[in-house]
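For reference, the structure is listed below as structure tokens.
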Amino acid sequence: MEIQLQELIEQIKKEGVEAANAEAEAILNAAKQQAQTIVAEAEAQADKLLLTAKSENERMVKSSEEAIRQAGRNLLISFRESVTRELRAIVGEQVTAVYSSDAFAKIIVSAVEHWVSKPDAEELEVILNTNDLQSLEDSLLAQFKAKALNGITLKANDNFDGGFRIAAKDGGAYYDYAADAVCDMLSNYLSPKVTALLKEAE
């Protein structure tokens with residue numbers, strides 16, 4: 001009887017230890033599984049953060065590069081505009097100087113000669129501002145007479161500061177030699193050449 005009791009106790013102990021071992025192993029396996037899940041989630045989160053950081057860095061680099069390019073374009077445009085303004089000012093000064101010199105009357109006579117040579121040009125008006133007309137009238141009329149340029153009328157118009165205009169009396173032909181018009185024409189002619197030179201320097 002005592003032997004059977006001892007065997008029963010041993011059996012109970014054995015079963016208890018096995019049950020405890022099984023439960024411990026199950027707990028350990030569950031803990032391992034949970035740890036693997038946590039590590040996988042952490043790695044996935046880390047990869048996502050790294051990808052986001054990389055993408056944001058690339059975006060910032062691209063944005064910075066574009067900002068530098070735009071700043072360069074703006075600087076070049078500003079420089080070209082500055083050069084064009086300076087060029088126009090220089091041209092304006094030169095045109096004004098010529099129109100204020102003794103050569104002004106010769107320029108007018110030369111332009112009139114060119115116009116009179118056209119077959120359809122008959123009577124012409126030379127239009128100047130009042131000050132220029134008063135100072136040049138006698139000289140111009142004398143030169144027109146000397147060159148047998150007939151049918152030329154001198155007229156005052158203060159809608160422009162300097163230079164002159166030639167118009168057919170019937171209004172069919174008109175050309176503007178006013179200082180601003182000549183300055184614009186020369187500046188527009190020179191500006192593309194300056195722009196081309198600046199582009200070559202890029």
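- Heavy atoms from other residues, nucleotides or ligands lying under 6.0 Å from CG of Asp158 number more than 12.
- Heavy-atom minimum distance, Val109 versus Lys147: CG1-CD, 3.5 Å.
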Tell me, with the steps shown, if Leu140 and Ile152 meet side-chain contact (heavy atoms from CB on, under 4.5 Å).
CA-CA 10 Å; Leu140 287 172; Ile152 312 298; over 6 Å; no

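- The nearest pair of heavy atoms linking Arg165 to Asp176 is NE-OD1, 3.1 Å.
- For Ser55 (side chain) and Leu51 (main-chain N/O), no donor-acceptor pair under 3.5 Å exists by modelled atom type.
- Of the candidates Asn157, Ile107, Ile127, Ile107 is the only one forming a side-chain contact (heavy atoms from CB on, under 4.5 Å) with Phe164.
- Across every non-hydrogen atom of Leu136 and Ala105, the tightest pair is CD2-CB, 4.2 Å.
- In this structure, CG on Leu149 lies 11.0 Å from CG on Leu141, to the nearest 0.5 angstrom.
- Distance check: Lys145 NZ to Gln143 CD gives 13.5 Å after rounding to the nearest 0.5 Å.
- Nearest heavy-atom pair across Gly162 and Asp132 is CA-OD2, 4.2 Å.
- Residues Ala156 and Thr130 share a closest heavy-atom pair of CB-OG1, 4.0 Å.
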